[in-house]
A.B. asks: 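Submitted below is the structure of interest, expressed as structure tokens.
The figures that follow rest on heavy atoms only: side chains count, while hydrogens, waters and symmetry mates do not.
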Amino acid sequence: MSQTHSFKPIFDKNSKILILGSFPSVISRKFGFYYTNPQNRFWRVLAGILNAPLPASTDEKIKFLLSHHIAIYDAAISCEIEGSSDAKMSKIMPVNLKPLFKEAKIKQVYANGGKAYEICKKYLENEIIKATKNEIIKLPSTSPANAKFSLEKLANEWSMIVRMLA
């Protein structure tokens with residue numbers, strides 16, 4: 001089924017890093033915000049590595065991201081997808097990152113998982129390198145589908161973000 005990304009990127013002029021997912025899950029599409037599936041470990045990982053309280057509401061999550069100079073978006077603006085499975089994504093249309101790069105001073109882009117990384121490498125790599133002077137970095141997915149990574153192992157891998165924000 002063809003789906004279009006319906007919510008805006010979260011960023012401001014002070015954002016230093018950009019984390020790109022692949023495409024919102026069914027639950028995130030339903031609620032209109034990023035990583036709203038309670039099984040997704042995105043918010044727990046970030047709060048853990050940043051030694052911050054876990055944000056609960058959408059407003060708290062936006063404030064949390066912006067206060068830590070983190071921008072988030074997804075690599076695909078539309079695609080054919082069955083359910084929430086990255087493996088079932090096809091007919092991918094990449095996002096336009098130009099407005100975000102124009103307004104924010106992004107130094108590094110991270111991909112939340114393999115599919116986000118694949119989309120970035122295929123469609124967005126030149127734009128990302130031009131804007132940041134850096135290659136995109138692939139991080140292990142925080143998705144519940146990535147069960148082989150414990151919360152502790154995810155936090156260990158994702159902790160490189162903290163160094164970029166210092």
A.B. asks: State yes or no: do F42 and V162 share one hydrophobic cluster built from I, L, V, M, F, W and Y residues joined by side-chain heavy-atom distances below 4.5 Å, directly or via other members?
C.D. replies: yes
A.B. asks: NZ of K63 to OG of S57: how many Å apart, nearest 0.5 Å?
C.D. replies: 7.5 Å
A.B. asks: What I'd like to find out is whether the side chain of Y35 reaches to under 4.5 Å of the side chain of K61, using heavy atoms alone.
C.D. replies: no
A.B. asks: Looking only at non-hydrogen atoms, find the nearest pair between N14 and H69 and report the distance.
C.D. replies: O-ND1, 3.1 Å
A.B. asks: So I106 and L97, side chain to side chain contact (heavy atoms under 4.5 Å, CB included) or not? Walk me through it.
C.D. replies: CA-CA 11 Å; I106 302 295; L97 295 174; over 6 Å; no
A.B. asks: Under a 4.5 Å cut-off applied to non-hydrogen side-chain atoms, are R41 and N146 in contact?
C.D. replies: yes
A.B. asks: Let me see the working for W158 and T142 under side chain to side chain contact (heavy atoms under 4.5 Å, CB included), right down to the final yes or no.
C.D. replies: CA-CA 10 Å; W158 278 65; T142 59; 3.5 Å; yes
A.B. asks: Would a hydrophobic clustering, with Ile, Leu, Val, Met, Phe, Trp and Tyr connected at side-chain separations under 4.5 Å, put Y34 with I27?
C.D. replies: no
A.B. asks: Report the distance from atom CD1 of I137 to atom SG of C120, rounding to the nearest 0.5 Å.
C.D. replies: 12.0 Å
A.B. asks: Take L65 and L46, measure what side chain to side chain contact (heavy atoms under 4.5 Å, CB included) needs, and give me the verdict at the end.
C.D. replies: CA-CA 9 Å; L65 292 168; L46 278 185; 3.9 Å; yes
A.B. asks: Please name the pair of heavy atoms, one in A111 and one in I136, separated by the smallest distance, quoted to 0.1 Å.
C.D. replies: CB-CD1, 3.9 Å
A.B. asks: Go through the steps to decide whether L18 and I128 satisfy the test side chain to side chain contact (heavy atoms under 4.5 Å, CB included), and finish with yes or no.
C.D. replies: CA-CA 10 Å; L18 171 61; I128 289 168; over 6 Å; no
A.B. asks: Is there a side-chain contact between E135 and K121 in this structure, where contact means two heavy atoms from C-beta onward sitting under 4.5 Å apart?
C.D. replies: yes
A.B. asks: Decide whether F31 and I72 are clustered together by the hydrophobic rule: side chain heavy atoms of Ile, Leu, Val, Met, Phe, Trp, Tyr closer than 4.5 Å, transitively.
C.D. replies: no
A.B. asks: Quick one: do E118 and K115 make a salt bridge, cutoff under 4.0 Å?
C.D. replies: yes
A.B. asks: Please answer whether the main-chain N or O of Q108 pairs with a side-chain N or O of T132 as donor and acceptor at a distance below 3.5 Å.
C.D. replies: no
A.B. asks: Measuring from K133:NZ to K107:NZ, what's the distance to the nearest 0.5 Å?
C.D. replies: 13.0 Å
A.B. asks: Between T4 and S78, is there a donor-acceptor pair closer than 3.5 Å when you use the side chain of the first and the backbone of the second?
C.D. replies: no
A.B. asks: Check S25 against N37 and note the closest heavy-atom contact, atom names and distance.
C.D. replies: OG-CB, 4.5 Å
A.B. asks: Identify the heavy atoms of E80 and K91 that sit nearest to each other, and give their distance.
C.D. replies: CG-CD, 3.5 Å
A.B. asks: Could you state the interatomic distance from CD1 (I119) to CG (L124), rounded to the nearest 0.5 Å?
C.D. replies: 8.5 Å
A.B. asks: Which distance, rounded to the nearest 0.5 Å, do you find between the CZ of F23 and the CD1 of I77?
C.D. replies: 7.5 Å
A.B. asks: Counting C-beta onward and ignoring hydrogens, is there a side-chain heavy-atom pair between I10 and L66 closer than 4.5 Å?
C.D. replies: yes
A.B. asks: I need the M160 CE to L139 CG distance, nearest 0.5 Å.
C.D. replies: 5.5 Å
A.B. asks: Check whether N112 reaches the backbone of I19 with its side chain - one donor and one acceptor, N or O, closer than 3.5 Å.
C.D. replies: no
A.B. asks: Which of parallel (below 30°), tilted (30 to 60°) and perpendicular (above 60°) describes W43 and F33?
C.D. replies: parallel
A.B. asks: Following the transitive rule for hydrophobic clusters with a side-chain heavy-atom cut-off under 4.5 Å over Ile, Leu, Val, Met, Phe, Trp and Tyr, establish whether L54 and I62 coincide in one cluster.
C.D. replies: yes
A.B. asks: Which pair of non-hydrogen atoms, one from V45 and one from A155, has the smallest distance, and what is that distance?
C.D. replies: CG1-CA, 4.2 Å
A.B. asks: Do T36 and T58 touch side chain to side chain, with heavy atoms closer than 4.5 Å?
C.D. replies: no
A.B. asks: Between N126 (side chain only) and I129 (backbone N and O only), is there a donor and an acceptor less than 3.5 Å apart?
C.D. replies: no
A.B. asks: Are K138 and E157 within salt-bridge range, i.e. N to O under 4.0 Å?
C.D. replies: no
A.B. asks: What's the shortest heavy-atom distance between A76 and V95, and which atoms?
C.D. replies: C-CG1, 3.7 Å
